[in-house]
Each structure stands twice: as C-alpha cells, then as structure tokens.
Amino acid sequence: MIAQCWRSWPGLIDACVDEIVVHDLCRFAMLLKPRPWGTAVNGVALWQVFELVRAQEWYTADLSTYLKLLTMLAKAKQAAEASNVFDCLLEDKLRPTTAIFTALLTVFTQSNQFKKALEIFESMRLYEGCVPDKYTYTAMIKGCCEAGLYVQARKIFDEMMIEGVKPSIVTYNILIHGYGKAGLFREVERVLSTMEANNVAPDTVTWNTLIRVFGLNCKIPEMEQAYEGLLRQGLQPDMVTLNSLISAYGTAGLFEKMESVTQYMQRYNYPMTRITYNIIMEAYGRAGMVDQMEETWKRMKAEFVKPNSSTFCSMLSAYGRHGYWHNVEKVMRQARYFDAADTAVYNAAIDAFQRAQNFEDMEKIFEEMKLKGHAPDDVTYSILIGAYERIRRVDKARDLQEEWNGSVKECEAE
DNA sequence: GTAATCATAT
C-alpha cells in the first residue's frame, strides 16, 4: 500500500493515509531513489507524508520514529529536511537524546555539509543528557575523513580518549580507512599501535581495509603482508578480501595473480558476484584488453549474474578510451535491456563519442538522456564543455555552461 | 544509530 501511494503521489496519498502506520515510514527509505529529472523531489514528498501522518489524530510522538526518519534522510542525503524534523521533535515535546543528535549530524556528514555537523556536535551538550558517546564520536570521525580533514579527525579522536569514551573497533577501522585512502601510512601505523596498546585485535574488516588501502596505493608487497596477517590470525578471507585483492592486482596489471585469486574463489566455492565481475571487467577494460573484458562479460551473462550501471560504465569507458566507439550503441542497448542506464552510463557513452570526435552521436545521446529523465550532472557538463572547448566551439561551450548554471540554480531553489 | 569490495570527467 505504501508503495502504491508512493508511485501515484500525490493523487492517491490522501485516500490511503489512514492505512499508513508511522512505523511504516521507514519503508520509504527503500523507495528513495535518485529523482528523475524534472519531477518532484522525493524528499519533499517524504516530508509531506510525515506532515500528513503527524496531523492524524491517532499520531503519537515517538523518538524511535524520529530516529528512523533521520536515518532515512541521511541515507537519501536529504539534509534540507533534517532541521525541520528536529524542530518537529521539539514541538512534539520529546526530549532529544544522544542517539537523535548522532543521527541528525550524520545527515549532514553524509550530505557533504561537515560544518553543519560540527555545529550540531559542539552544541548538543546544551541539551540535558546529550553527551557524545562512541557512536557520536565515530560518526564525526567518519565525517572528518570523508571531508579530507585528517587533522580534525585526529583531534576528535583525542577528545574521545580524554573524555574516557572507549573507541570501538569500528572507530579504529574508520580511521585506518580514512588515513590509508589518503596515503597517510604513518598515521595508519599509529592507529594500529593504539589498537594494540588498548588490546583491541584487528578483525576481518581491519585486515580488509588494510588490503584495500595498500592496493589503492599500489603497495602490492604490503598488501600481501596484510593478507598473510589475516591468515596468521586464523581468520578466513571473505568476499571483500578477495575482491579487494582482485581489484589491486587488476589495476597493477598483475593479471596472472588476479586470475589466481579468481581460481581460488572457484576452488573454495566463493560465489562470483556482480562486484567481482565488475572489478575484473574494469581492470581488463582499463588496460585495453578488450577481448578479455568481453570474455568476462560473456561469462557473467552465462552465469546469470545481473549487471548494473557500473558494469556498463566500465565497458563504455574501455571502448571509448581504446577507440571502439562503434560499440557504444550496442552497449547502450544492453544497458537499457538490463534497466541499468543511468546518468553515469550516459556520461560514459557521451565521453566515448566525444573521444572519437563524433559530435553528432554525442549530442543525440545527450538528448536521449534528458528525454528519459536522467539528470545531467557536473560530470556530464564537464565532458561536453571540455569537448567543445577543445574544438574551439566557444558558442556551444558557453550555451552548455549556461544550461549547467541554470540546472544548478534549479537544485538550489529546492 | 556506527565499519570494509565495483563505474562515468579534468
């Protein structure tokens, strides 16, 4: 019923509202897909649904509902409504808790509004009983890392220790991931020493994170050491471990090693998932090994593993980079067939045509993209404008720049 | 209410 209301919003929603239970609001989280271009914003509709529910006579204010709502908004990266939700909570005469504040600031860290998150973090103590706990600190540290504020992350971690809040293994893993992705391996070492000093043993996620960040930084020997560390501790590699190894070997061009991990998976009955196939296709595609990429794609289809948008992005960019632009239309047909053609896929197709200087097909696919309701984003416009600037079509570049500015304004108005 | 694996451009 919720789903039906959703699809026919706003027409049917009034008719069905009595059947909406407050608790069911969380189901909307699953329906919050990126909005089609030019249609109503899901977040607004969600907000209106909540208002509607709140106006019902059977409505009783409940903290757990607010917690769910905020979690939902964080997932959907809809920060604009979060403050309203918090105001409603106060209006309903509920007392916020640490968990509420944590959820609230997570909405902002997830939406790239770190400053707002920090403001909430610093002012939450004004409310009785709202002292940051390990979840709050961990959320803030994650936000810092994602914003690239590593010094700040360290500061908050130190504060956590001073306040006597014990970091969890999750806190440590997030720090390792943040520092490692940025290549700050001395800091990674420091986190590992702190863990040891506090008698926290690394878990599978810790080792996987190390494998991942060494791989990202092309530190293959260190990565292999981390893998051995995992085994030495008596832990089993999981899908993430093996996919991370495949990804690292693939981007390093070590295809024999990559294949040996694949064989290991088959020998020990690890399922080859979409992620595994995507990683392998991306690796072959980037290296220009188009035959191997197509071979993998055939295997993926033969095994009935469902491709997604990133499968097609990898294929398109491989074809584009290596001069196979005439394959673009064929790939797009498959992407449409598997219902995986989204903004990113169109971007990759536009780029492939652009590289081939095929402006006619580039424009055609750009029009199709808009027609089908896939909003062009900053990547789309960067590709198009860059392409026209390179052939000195200043007029075209300027028109697109204006279109881009217009669409940005439209978003801000929401 | 916290964590890790895949994609599009410069």
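Only this structure's heavy atoms are used, side chains among them; waters, hydrogens and symmetry mates stay out. Within every chain, numbering begins at 1; the chains are lettered A, B, ... in the order of the sequence lines, protein sequences first and strands thereafter.
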Count the heavy atoms of every other residue, nucleotide or ligand shown that sit under 6.0 Å from CD of Glu367(A), and state whether that count exceeds 12.
yes
Looking at every strand, decide which applies to Asp377(A) at a 4.0 Å heavy-atom threshold: base, sugar-phosphate, or nothing.
nothing
Using a 4.0 Å heavy-atom cut-off, does Ser309(A) contact any base of the nucleic acid, only the sugar-phosphate backbone, or nothing at all?
base
Checking Tyr66(A) against Asp92(A): is there a side-chain donor and acceptor pair closer than 3.5 Å?
yes
Under 4.0 Å, counting only non-hydrogen atoms across every strand here, what does Asp351(A) touch: a base, just sugar-phosphate, or nothing?
sugar-phosphate
Select base, sugar-phosphate, or nothing to describe what Thr136(A) touches, counting heavy atoms under 4.0 Å on all strands.
base
Check whether any side-chain N or O of Thr65(A) sits under 3.5 Å from a backbone N or O of Ala61(A) as a donor-acceptor pair, and report yes or no.
no
I'd like the 5' and 3' limits of the part of DNA chain B contacted by chain A, with heavy-atom contacts below 4.0 Å.
dG1(B) to dT10(B)
Testing Asn243(A), Leu230(A), Asn208(A) for side chain to side chain contact (heavy atoms under 4.5 Å, CB included) with Asp238(A), which one passes?
Asn208(A)
Asp361(A)-Asn358(A) side chain donor-acceptor pair, cut-off 3.5 Å
yes
With a non-hydrogen cut-off below 4.0 angstrom, is Met281(A) in contact with a base, only sugar-phosphate, or nothing?
nothing
So, Asn308(A) and Asn278(A): side-chain donor and acceptor under 3.5 Å apart, yes or no?
yes
For Asp378(A), report the nucleic acid contact type (base, sugar-phosphate, nothing); a contact means any heavy atom under 4.0 Å.
nothing
For a quick check of understanding: with a heavy-atom distance under 4.0 Å over all strands, which category does Ile275(A) fall into, base, sugar-phosphate or nothing?
base
Looking at every strand, decide which applies to Thr106(A) at a 4.0 Å heavy-atom threshold: base, sugar-phosphate, or nothing.
nothing
